[in-house]
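Everything below concerns the one structure shown next.
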Amino acid sequence: MTDDPSPLSPEPEPTDPTVVAEPSWTYPAVGVVFTVLGAGLGWGVRLLADWLVSLPWAPMRGPAELVNSLPEPWVTLGLVALGALAGTTLALHAYHDSLTVTVGADRVALHRRGSTREWPGETVEVACRDGKQLVLLDGDTAELAREEFDLKTDRLATAFRSHGYRWADEDPCADEFRRWVPDTPGMPTGADALLKARARALRHSDSNEDARELRDELARLGVVVRDSDKKQYWRLSHGR
């Protein structure tokens with residue numbers, strides 16, 4: 001008679017990479033919701049215009065009278081269509097901006113905005129969550145990546161652990177960060193100038209790529225950067 005296998009026997013490690021992404025139905029569903037809300041908003045604008053022109057005085061009376069003067073049903077159909085288009089555009093932007101994480105025994109890859117960055121598995125020492133950001137650290141605690149995410153944390157933790165990576169629920173180097181101010185002493189040559197340029201980039205919402213590139217430049221100097229409310233915090237990697 002063969003004994004039953006022990007319930008404490010370790011499960012075999014997966015050989016195929018694990019892909020962590022939003023479920024495939026999420027963004028079509030979000031698209032429908034945003035489109036309906038946008039169409040409703042367009043209809044609401046038409047009703048609001050009717051109400052505003054009925055008042056003896058109202059803010060934005062001129063635009064309301066313009067909307068009210070346009071022929072029906074075309075103005076209502078046009079506003080509803082514009083609202084629906086705006087909702088669809090928001091949903092597509094959310095899909096394009098979403099993060100997909102691929103974890104395998106030999107590599108880790110992050111995909112966002114049509115581009116993919118990946119690292120050999122042996123270079124990833126620890127993966128962790130820092131607020132709503134996924135952070136990958138190498139053996140010298142230098143940051144390989146820091147990305148915003150909306151994925152389930154337990155799914156990420158399971159994916160990394162099942163392929164043999166160390167997972168932490170918070171950044172193990174969080175206590176080492178210090179607030180950056182211009183001309184901070186003790187920084188590598190050139191780092192202060194890069195942080196000044198990055199501070200300017202953070203003040204402009206259209207400069208996200210500049211901020212990312214400057215983060216990469218700082219990483220080459222051994223400086224790790226963390227942002228909070230447009231403020232920069234920094235630490236040195238342990239390899240410095």
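Any value given below was found using the heavy atoms of this structure, including those in side chains, with hydrogens, waters and symmetry copies removed. Sequential numbering from 1 along the given sequence is applied to the chain's residues.
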When you look at V101 and V19, which way does the side chain to side chain contact (heavy atoms under 4.5 Å, CB included) test go after all the steps? CA-CA 6 Å; V101 182; V19 178; over 6 Å; no
State the CD-OG1 distance between E147 and T100, to the nearest 0.5 angstrom.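 The OG1 atom of T100 is 11.0 Å from CD of E147, to the nearest 0.5 Å.
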If you measure from OG1 on T102 to CG on D16, what distance do you get to the nearest 0.5 Å?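 The CG atom of D16 is 12.0 Å from OG1 of T102, to the nearest 0.5 Å.
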Side-chain heavy atoms under 4.5 Å apart, restricted to Ile/Leu/Val/Met/Phe/Trp/Tyr: what other residues fall into the cluster of V181, or is it alone?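 Hydrophobic cluster check, V181: no partners found.
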State, yes or no, whether a side-chain contact exists between [X] and [Y] at a heavy-atom distance under 4.5 Å.
| X | Y | value |
| --- | --- | --- |
| R146 | L134 | no |
| Y165 | V108 | yes |
| P188 | V223 | yes |

Is there a donor-acceptor pair closer than 3.5 Å between any side-chain N or O of [X] and the backbone N or O of [Y]?
| X | Y | answer |
| --- | --- | --- |
| Y233 | V224 | no |
| Q232 | L195 | yes |
| D192 | D183 | yes |
| T141 | S237 | no |
| R129 | V135 | no |
| H163 | V103 | yes |
| R155 | A21 | yes |

Minimum heavy-atom separation for F160 to L136, with atom names?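 Heavy atoms of F160 and L136 come nearest at CZ-CD2, 3.9 Å.
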For R198 and V225, which heavy atoms make the closest approach, and how far apart are they?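 Reported closest heavy-atom pair: NH1-CG1, 3.4 Å.
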Could you tabulate the donor-acceptor pairs under 3.5 Å formed by side-chain atoms of residues 166-175, not counting sequence neighbours?
residue : atom : partner : partner atom : Å
W167    : NE1  : D169    : OD1          : 3.0
D171    : OD1  : C173    : N            : 2.9

Run the salt-bridge test on D227 and K231 with the 4.0 Å N-O cut-off and return the result as yes or no.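 Result for this pair is no, no salt bridge flagged.
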Hey, are E217 and R212 close enough for a salt bridge, meaning a charged N less than 4.0 Å from a carboxylate O?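 No, this pair does not count.
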For F177, is the NZ or CZ atom of R226 found under 6.0 angstrom from the centre of its six-membered ring and inside 45 degrees of the ring axis?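 Yes.
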For D154, enumerate each residue passing the salt bridge (charged side-chain N to carboxylate O under 4.0 Å, His left out) test, keeping only those at least two apart in sequence or located in another chain.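 Testing D154 for salt bridge (charged side-chain N to carboxylate O under 4.0 Å, His left out), a comparison that skips the adjacent residues, returns none.
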Name all residues meeting the side-chain hydrogen bond (donor to acceptor under 3.5 Å, both in side chains) criterion together with [X]; count only those two or more places apart in sequence or in a different chain, and write none if there are none.
| X | value |
| --- | --- |
| R107 | E118 |
| T158 | none |
| D138 | none |

In one Ile/Leu/Val/Met/Phe/Trp/Tyr side-chain cluster, 4.5 Å: L214, M187: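 Cluster IDs for L214 and M187 match.
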Are V126 and L144 linked, directly or through other ILVMFWY residues, by side chains that come within less than 4.5 angstrom of each other?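 In one cluster with V126: L144, no.
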Candidate pair L99 and H111, rule side chain to side chain contact (heavy atoms under 4.5 Å, CB included), full reasoning: CA-CA 6 Å; L99 179 67; H111 179 85; over 6 Å; no
Show the numbers, then the answer: is there a side chain to side chain contact (heavy atoms under 4.5 Å, CB included) between L110 and T116? CA-CA 6 Å; L110 305 181; T116 300; over 6 Å; no
When you look at NZ of K152, are more than 12 heavy atoms from neighbouring residues, nucleotides or ligands closer to it than 6.0 Å?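 No, NZ of K152 has 12 or fewer neighbouring heavy atoms, counting only those of other groups under 6.0 Å.
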Just by distance, with hydrogens left out, do R179 and T184 show a side-chain donor and acceptor under 3.5 Å apart?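 No, no side-chain donor-acceptor pair sits under 3.5 Å.
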